[in-house]
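All of these numbers come straight from a predicted model, not from anything done at the bench. In listed order, ligands and their atoms are each counted from 1.
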Amino acid sequence: MPNTRGGKSPATFFLDRDGTVNAAPPPGLYLTRPEELRLLPGAAEAVRTLNRRGHRVVVVTNQRGVARGLVTLVELAAVERRLAELLGAEGAHWDGYYVCPHAENSCRCRKPRPGLLEAAARDIPRLSLPDAVMIGDSETDVGAGRAAGCRTVRLAPPGTPSAADRVVADLRSAVRILTEGE
Ligand SMILES: [Mg+2]
Ligand SMILES: [Zn+2]
């Protein structure tokens, strides 16, 4: 299976949150209560594998529910804390966590725009966007990754049409494929 850029594992893994690390809320709804948060099978193990192998892990998430008044900043922070706890309980952590709380077409950071990834590249020393991969379950994640100059993986059933470099079933499989040979 070809890597699109020279076969080297990406140094940085940008991960979407809902539908990639944790179970996504139903369409149109937002996670507001920490106790509703559920990790997807194999997600913590995948993040832990990245941590142990020295890859950076950066979560990048659209949370338009804030702009729509459906999620408060307090709820948003509580869900973030709970996600950190759930991952931490399995020996996994992130190195950066970036949220777009804005409405559509009102900012430079709502995916598929690249602003969250670019902010991480400014904040985190030696983060190189061409040496990063963006993994997410939605085509807006793919768009953000491409706009930032990263490799891209779409999490979806095989054969799903996508502009991504690869389509892979889930985060666990994506991490296995992208780190194989290490
Ligand atoms: Mg998602
Ligand atoms: Zn934004």
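- Between the SG atom of C109 and the SG atom of C100, the angle taken at the Zn ion (ligand 2) works out to 110° after rounding to 10°.
- Taking the Zn ion (ligand 2) as reference, the nearest N/O/S atom within H102 carries the name ND1.
- Side-chain N/O atoms of T160 and S162 include no donor and acceptor closer than 3.5 Å.
- Considering just the N/O/S atoms of D18, the one nearest the Mg ion (ligand 1) carries the name O.
- D137 contributes OD1 and D16 contributes OD2; the angle these two atoms make at the Mg ion (ligand 1) is 80°, rounded to 10°.
- Annotation: side chain of R166 is not in contact with side chain of R154 (no heavy-atom distance under 4.5 Å).
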Only pairs under 3.5 Å count here: list side-chain donor-acceptor contacts from residues 73-80, not counting sequence neighbours, and write none if there are none.
residue	atom	partner	partner atom	Å
E75	OE1	T72	N	2.9
E75	OE1	T72	OG1	3.4

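- Within the 4.5 Å cutoff, no side-chain heavy atoms of P25 are placed close to those of E36.
- Put simply, L40 and V59 are part of two different groups of oily side chains (I, L, V, M, F, W, Y) that touch within less than 4.5 Å, one to the next.
- Not a single N, O or S atom of D141, from either the backbone or the side chain, sits less than 2.8 Å from the Mg ion (ligand 1).
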